[in-house]
Amino acid sequence: MKNIALLFQSLDDQTRLRLLALLLHAGELCVCDLVAALRLPQSTVSRQLAILKNAGWLKGRRVGAWNHYSIDVSLGPVQQFLLPVLRNFLLVTETAREDQLRLRERKGDACCGEVVASKKTDNAGCVPGEGEA
């Protein structure tokens, strides 16, 4: 029962739902992509990702100094049941569409893991202005 409560508590936050929507839409994303799409500080995004990961929704992998996250393929039975419901309802919201648009606009930019270390970076570790027209 405690695990089910933790699972539902992990869904009780707009930022976490936005993160799930982006990951359901795009697959695997770097934290820097999520920060840019949600327009939130890296610390906030990382904290919310940790909650989703601890609840079993996500898996992460490290690439250099950056973490990339995706929906865990070995979800528990309750999560497997809820995932299609979340996909159907989250991806059609106006907020999700706006986040997806910012993510698409960002995709031309280099991921934080590809940024040259000598350049000045923003709080997401990305070079401001690179990839902008």
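- In this structure, F81 and L75 have side chains that are not in contact, with every pair of non-hydrogen atoms separated by 4.5 Å or more.
- Within the model, atoms OG1 of T93 and CG of D99 stand 7.5 Å from one another, a figure rounded to the nearest 0.5 Å.
- Here L101 contributes atom CG and R106 contributes atom CZ; the two are 14.0 Å apart, rounded to the nearest 0.5 Å.
- At a threshold of 4.5 Å between non-hydrogen side-chain atoms, the residues I51 and R16 count as touching.
- By the rule that hydrophobic residues join a cluster once side-chain heavy atoms approach within less than 4.5 Å of another member, L52 and V85 end up as members of separate clusters.
- Minimum interatomic distance between L91 and R97 (heavy atoms only, all atoms of both residues): O-CG, 4.4 Å.
- At most 12 heavy atoms of other shown residues, nucleotides or ligands fall within 6.0 angstrom of atom CD in Q14.
- Side-chain contact between S70 and R61 is absent, with no heavy-atom pair separated by less than 4.5 Å.
- No side-chain heavy atom of L34 sits less than 4.5 Å from a side-chain heavy atom of L103.
- Of the possible polar contacts, none joining the Q100 side chain to the A26 backbone as a donor-acceptor pair under 3.5 Å is found.
- Of the possible donor and acceptor atoms, none in the side chain of D33 sits under 3.5 Å from a partner among the backbone N and O of L29.
- Note that the CZ atom of R87 and the CG atom of L23 stand 11.0 Å from one another [nearest 0.5 Å].
- Distance check: K59 NZ to E28 CD gives 7.5 Å after rounding to the nearest 0.5 Å.
- Rounding to the nearest 0.5 Å places CG of L17 at 8.5 Å from CG of D12.
- Counting non-hydrogen atoms of other residues, nucleotides and ligands closer than 6.0 Å to CZ of R62 gives a total above 12.
- I71 and F8 fall within the same hydrophobic cluster, where Ile, Leu, Val, Met, Phe, Trp and Tyr residues are linked whenever their side-chain heavy atoms come under 4.5 Å apart, directly or through other members.
- Judged by distance alone, with hydrogens and angles left aside, the side-chain atoms of T44 form no donor-acceptor pair with the main-chain N or O of L40 at under 3.5 Å.
- For the pair S46 (side chain) and S43 (backbone), a donor-acceptor distance under 3.5 Å is absent.
- Checking side-chain atoms of R18 against main-chain N and O of T95 turns up no donor-acceptor pair under 3.5 Å.
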Next item on the list: Give the intermediate values and the outcome of side chain to side chain contact (heavy atoms under 4.5 Å, CB included) for residues L49 and N67.
Entry: CA-CA 10 Å; L49 286 166; N67 288 315; over 6 Å; no
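- Two residues are said to be in side-chain contact when any heavy atoms from C-beta on lie closer than 4.5 Å; L86 and W57 meet this criterion.
- V92 and L38 are not part of a single hydrophobic cluster, where members link through side-chain heavy atoms under 4.5 Å apart.
- Judged by distance alone, with hydrogens and angles left aside, the side-chain atoms of Q79 form a donor-acceptor pair with the main-chain N or O of G76 at under 3.5 Å.
- Annotation: side chain of Y69 is in contact with side chain of K53 (closest heavy-atom distance under 4.5 Å).
- Ion pairing between R102 and E105 fails under the 4.0 Å rule for side-chain N and carboxylate O.
- N54 has its side chain out of reach of L6: every pair of non-hydrogen atoms, C-beta onward, lies at least 4.5 Å apart.
- Contact annotation: the side chain of V78 never approaches that of N3 to less than 4.5 Å [non-hydrogen atoms, C-beta and beyond].
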